[in-house]
Trainee: 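Here it is: the structure, laid out below.
All values below come from the heavy atoms of this structure, side chains included, with hydrogens, waters and symmetry mates left out.
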Amino acid sequence: MAADPSVPTAGHRPEPGVSLHLLGGFRLLRGAAPIVVPRGLQRVIALIGLRPGATRSQLAGLLWPDASEERALSSLRTALWRLRQDPCCPLTVAGDTVRLGPAVRLDVDELVGTAARVRDGDEPRTAAGALAAGRHDLLPGWYDDWVLLDRERLRQLRLHMLEQLAGQHLVAGRHGDALEAALEAMAAEPLRETPHRLVVRIHLAEGNAFEAVHAFYVYRDLLRRELRLEPSPAMSALLDDTLAPIREASREAAGRPSPVGRRT
């Protein structure tokens, strides 16, 4: 009697999946085992992962921008032939396009998907991995133009995701979670005002006036020291109500006449 294919046979182990990691450096894994890929072919796989809808001509032009179109296409054909000799080849070819196989997991896609869930306002538990997602840069040490472009695109995507997550937590009154997300964004880009502004708002929402004022002046001093700039009026306005009594007291002290010493 043939075994029911829907029921796992005793001792049967599923084939390990293939995953491509580009954040923090190139890694191609089959299960947990690394697949060794020469550097030149790494570039081909990485670009195909980042440009799933690109034609062969587009891929060749990005990979070999200084070569003629004919030579670049020839180099791409050779690279694809070499890759397809390996049984672990993660690529699939359909007509004029080459893309990752449907079963290949790409960490960049996970970052993009997490950012989309945060943007759509999904429940916080569905974005539990948002803080760690994309924490490492895309392909550090690679300086191809297409890498630099996508590196900045993903960096901005992550910053906005963290700020949106912090804002959603703040509105919901989850101040600890909001602060964690804002601080994660601040660590990624210390001079960016938006996460600092969120930190001030979170402290004010908790009633921690001292922490809010301290966070403002830490950022102001950093901005002055690094860029010789001042925080925006929008950020300064956050503390208007908090600092109003202090400013009023300072003005009164400045306008009060100095005491005259008594004559002996």
Side-chain angles (χ1 to χ4, degrees), residues 3 5-9 11-117 129 132-155 157-158:
S6 65
V7 179
T9 305
H12 174 74
R13 295 182 179 179
E15 287 292 322
V18 176
S19 58
L20 176 60
H21 301 260
L22 303 180
L23 300 172
F26 183 97
R27 287 182 301 142
L28 184 63
L29 305 177
R30 185 175 181 83
I35 301 171
V36 178
V37 182
R39 179 60 181 266
L41 297 182
Q42 289 180 16
R43 294 174 66 250
V44 177
I45 295 174
L47 179 60
I48 290 171
L50 294 170
R51 299 286 194 281
T55 64
R56 291 184 181 228
S57 294
Q58 292 168 334
L59 295 171
L62 290 169
L63 289 166
W64 294 278
D66 298 326
S68 66
E69 182 177 6
E70 182 179 354
R71 187 182 182 101
L73 284 170
S74 175
S75 297
L76 179 61
R77 282 194 297 271
T78 300
L80 293 176
W81 180 85
R82 290 177 61 192
L83 285 168
R84 297 178 75 185
Q85 303 312 299
D86 194 312
C88 294
C89 176
L91 307 179
T92 180
V93 178
D96 193 39
T97 61
V98 187
R99 61 182 67 235
L100 295 179
V104 178
R105 183 172 62 85
L106 178 63
D107 60 351
V108 170
D109 289 344
E110 294 174 5
L111 170 60
V112 173
T114 301
R117 291 193 297 275
R135 187 172 282 165
H136 302 291
D137 280 341
L138 176 74
L139 298 170
W142 292 32
Y143 299 103
D144 306 75
D145 288 344
W146 52 273
V147 174
L148 298 177
L149 180 65
D150 272 21
R151 184 181 298 156
E152 180 60 18
R153 175 179 67 84
L154 293 173
R155 191 180 76 88
L157 177 71
R158 180 171 187 260

Trainee: Using 0.5 Å steps for rounding, measure from the CG atom of Leu41 to the CG atom of Leu28.
Mentor: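 Reported value, rounded in 0.5 Å steps: 11.0 Å.
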Trainee: Provide the closest heavy-atom pair for Leu148 versus Tyr143 in the form atom of the first, atom of the second, distance.
Mentor: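 Between these two residues, the closest heavy atoms are CD1-O, 3.8 Å.
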Trainee: Under a 4.5 Å cut-off applied to non-hydrogen side-chain atoms, are His21 and Arg105 in contact?
Mentor: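 His21 vs Arg105: side chains touch.
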Trainee: Tabulate below the donor-acceptor pairs under 3.5 Å that side-chain atoms of residues 89-100 make, not counting sequence neighbours, or state none.
Mentor:
unit_1	atom_1	unit_2	atom_2	d
Thr97	OG1	Ala94	O	2.9
Arg99	NH1	Pro52	O	3.3
Arg99	NH2	Pro52	O	3.1

Trainee: What pair of heavy atoms forms the shortest contact from Leu29 to Gly31, and how long is it?
Mentor: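 Shortest heavy-atom contact: CB-O, 3.6 Å.
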Trainee: How far does CG of Leu149 sit from CG of Asp145, to the nearest 0.5 angstrom?
Mentor: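 Here the rounded value is 8.5 Å.
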Trainee: For a 4.5 angstrom cut-off between non-hydrogen side-chain atoms, does Val44 reach Leu83?
Mentor: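 Side-chain contact under 4.5 Å: yes.
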Trainee: Say you draw a straight line from CG of Leu139 to CG of Leu22; how long is it, rounded to the nearest 0.5 Å?
Mentor: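 These two atoms lie 5.0 Å from each other.
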Trainee: Quick check for you: to the nearest 0.5 Å, what is the distance between Leu154 atom CG and Leu138 atom CG?
Mentor: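 So the gap between those two atoms works out to 5.5 Å.
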Trainee: Quick check on Glu152: does its CD atom have over 12 non-hydrogen neighbours (other residues, nucleotides or ligands) under 6.0 Å away?
Mentor: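 Yes, enclosed.
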Trainee: Kindly compute the distance separating CZ (Arg27) from OG (Ser19), expressed to the nearest 0.5 Å.
Mentor: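 Result: 7.5 Å between the selected atoms.
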Trainee: Would you call Val108 and Leu50 a side-chain contact if the rule is heavy atoms closer than 4.5 Å?
Mentor: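 Heavy-atom side-chain distance check passes, below 4.5 Å.
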Trainee: Would you tell me whether Arg117 and Thr114 have side-chain atoms, one donor and one acceptor, within less than 3.5 Å of each other?
Mentor: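 Yes, because at least one side-chain N or O of Arg117 sits under 3.5 Å from a partner of the opposite role on Thr114.
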Trainee: Given Leu73 and Trp64, is the side-chain contact (heavy atoms from CB on, under 4.5 Å) satisfied, shown in steps?
Mentor: CA-CA 9 Å; Leu73 284 170; Trp64 294 278; over 6 Å; no
Trainee: Would you give the length of the straight line joining atom CG of Asp66 to atom CZ of Arg71, rounded to the nearest 0.5 angstrom?
Mentor: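 Rounded to the nearest 0.5 Å, the CG-CZ separation comes to 11.5 Å.
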Trainee: Between Cys88 and Ile35, what is the shortest heavy-atom contact and its length?
Mentor: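 Smallest heavy-atom distance, with atoms named: CB-CD1, 3.7 Å.
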Trainee: How close do Ala67 and Ala72 get, heavy atom to heavy atom, and via which atoms?
Mentor: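 Where Ala67 meets Ala72 most closely, the heavy atoms are CB-N, 4.3 Å.
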Trainee: Would you call Arg43 and Asp144 a salt bridge, taking side-chain N to carboxylate O under 4.0 Å as the test?
Mentor: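 Looking at Arg43 and Asp144, the cut-off is met.
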Trainee: Check for a donor-acceptor pair, side chain of Arg158 on one end and backbone N or O of Ala133 on the other, with a separation under 3.5 Å.
Mentor: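 Pair found, side chain donor or acceptor close to backbone of Ala133.
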Trainee: Taking the side chain as every heavy atom from C-beta outward, state whether Leu62 and Val147 have any pair of such atoms under 4.5 Å apart.
Mentor: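 Of all side-chain heavy-atom pairs linking Val147 with Leu62, none is under 4.5 Å.
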Trainee: Salt bridge or not between Arg51 and Asp150? Use side-chain N to carboxylate O under 4.0 Å.
Mentor: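 Looking at Arg51 and Asp150, the cut-off is met.
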Trainee: Locate the shortest heavy-atom distance separating Pro140 from Gly25; write the atom from each residue and the value.
Mentor: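 Heavy atoms only, the tightest pair is CD-N, 3.5 Å.
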Trainee: Do Trp146 and Arg151 make a side-chain contact, defined as non-hydrogen atoms from C-beta onward lying under 4.5 Å apart?
Mentor: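 When only atoms from C-beta onward are counted, Arg151 and Trp146 do not touch, as no gap falls below 4.5 Å.
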Trainee: Can you tell me if Gln85 uses its side chain to pair, donor with acceptor, with the backbone of Trp81 under 3.5 Å?
Mentor: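 Confirmed, Gln85 side chain pairs with Trp81 backbone.
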Trainee: Can you check whether Thr55's main-chain N or O pairs, donor with acceptor, with Gln58's side chain at less than 3.5 Å?
Mentor: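 Answer holds: yes.
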Trainee: Mind running side-chain contact (heavy atoms from CB on, under 4.5 Å) on Leu157 and Val112 for me, showing each step along the way?
Mentor: CA-CA 8 Å; Leu157 177 71; Val112 173; 3.9 Å; yes
